[in-house]
Amino acid sequence: MTRYCNLECTHCCSDSGPNIPRSTDVPSETIIRIISEMQHHGVTEFYFSGGEPFSRRDFIDILEAVDPAVEVYCATNGYLINKETAARLRHTSVRRVTVSIDG
């Protein structure tokens, strides 16, 4: 989805960081289409990580495109989750948000 991250951790295994251009992000329409195709073919779990997935303004919209029967897990550094984001997450298929505190 994105290699952009608001942090630049030396231990990052996805080669992400704040200097990655956002122009390399996969368009949301493409992601939503792929999610739909994967669900059609029986995928029952999605894992989103990054870069920082919550750096995408459309990330909650993408999560809302996942069928409620499908389990979703997210890995994040947590910096970009605010009350509004948390409230919107409640209405998605997200089962777990893992917050990395080692960055």
Side-chain angles (χ1 to χ4, degrees):
M1 292 185 29
T2 187
R3 284 186 42 233
Y4 175 84
C5 184
N6 55 314
L7 300 180
E8 194 167 19
C9 304
T10 57
H11 63 277
C12 182
C13 61
S14 64
D15 196 27
S16 301
N19 298 320
I20 303 293
R22 302 308 305 263
S23 60
T24 62
D25 287 0
V26 178
S28 50
E29 298 80 21
T30 302
I31 295 170
I32 291 170
R33 179 180 48 78
I34 291 170
I35 286 171
S36 176
E37 290 174 8
M38 291 174 76
Q39 292 175 137
H40 176 75
H41 291 287
V43 171
T44 59
E45 294 180 356
F46 287 102
Y47 295 82
F48 294 100
S49 63
E52 174 53 50
F54 287 95
S55 69
R56 290 185 64 116
R57 290 189 178 111
D58 60 352
F59 185 52
I60 302 293
D61 298 326
I62 291 167
L63 293 175
E64 290 172 342
V66 178
D67 185 290
V70 174
E71 295 183 2
V72 175
Y73 303 92
C74 300
T76 176
N77 60 38
Y79 279 95
L80 303 175
I81 299 176
N82 56 29
K83 286 183 181 183
E84 178 184 328
T85 303
R88 285 189 68 195
L89 279 173
R90 290 180 62 209
H91 305 289
T92 67
S93 296
V94 173
R95 301 292 192 270
R96 181 180 304 135
V97 175
T98 303
V99 179
S100 170
I101 57 170
D102 55 358

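Contact annotation: the side chain of Ser55 never approaches that of Asn6 to less than 4.5 Å [non-hydrogen atoms, C-beta and beyond]. Side-chain contact between Phe59 and Thr2 is absent, with no heavy atoms from C-beta onward closer than 4.5 Å. Counting heavy atoms from C-beta on, the side chains of Thr92 and Glu64 come closer than 4.5 Å. Looking at Met38 and Val70, their side chains never come closer than 4.5 Å, going by heavy atoms from C-beta outward. Put simply, the side chain of Ile31 does not reach to within 4.5 Å of the side chain of Asp58, judged on heavy atoms. Residues Arg56 and Arg22 have side chains in contact (heavy-atom distance under 4.5 Å, counting atoms from C-beta outward). A 4.5 Å side-chain heavy-atom check between Tyr73 and Thr98 finds every atom pair outside the cut-off.
Closest approach of Pro68 and Ser93 over heavy atoms only: CA-OG, 3.0 Å. Of all the heavy atoms in Leu7 and Pro18, the pair that sits closest is O-CD, 3.3 Å. Across all their heavy atoms, Asn77 and Val99 have their closest contact at O-CG1, 3.7 Å. Here the closest non-hydrogen pair linking Ser14 and Gly51 is OG-N, 3.6 Å. Heavy-atom minimum distance, Val72 versus Cys74: CG1-SG, 4.2 Å.
Salt bridge absent: Arg95 and Glu45 never bring a charged side-chain N and a carboxylate O closer than 4.0 Å. Using a 4.0 Å cut-off between a side-chain N of Lys or Arg and a carboxylate O of Asp or Glu, Glu84 and Arg88 do not qualify as a salt bridge.
Taken to the nearest 0.5 Å, the CD atom of Glu29 stands 9.0 Å off from the CD1 atom of Ile62. To the nearest 0.5 Å, atom CG of residue Asp67 and atom CD1 of residue Ile35 are 11.0 Å apart. To the nearest 0.5 angstrom, Arg3 atom CZ is 11.0 Å from Asn19 atom CG.
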_Please determine whether salt bridge (Lys or Arg N to Asp or Glu O under 4.0 Å) holds for the pair Glu37 and Arg33, giving the CA-CA distance in whole Å, both sets of side-chain angles, and the decisive distance to 0.1 Å._
CA-CA 6 Å; Glu37 290 174 8; Arg33 179 180 48 78; 3.1 Å; yes
_Test side chain to side chain contact (heavy atoms under 4.5 Å, CB included) applied to Leu63 and Leu89, step by step_ = CA-CA 8 Å; Leu63 293 175; Leu89 279 173; 3.6 Å; yes
*Would Thr76 and Glu52 count as a side chain to side chain donor-acceptor pair (under 3.5 Å) if you check the C-alpha gap in whole Å, the side-chain angles of each, and the deciding distance to 0.1 Å?*
CA-CA 6 Å; Thr76 176; Glu52 174 53 50; 2.6 Å; yes
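Hydrophobic cluster membership differs between Val26 and Tyr4, with clusters built from Ile, Leu, Val, Met, Phe, Trp and Tyr side chains linked at under 4.5 angstrom. A continuous path of Ile, Leu, Val, Met, Phe, Trp and Tyr side chains, each step under 4.5 Å between heavy atoms, connects Ile81 with Phe46, placing both in one hydrophobic cluster.
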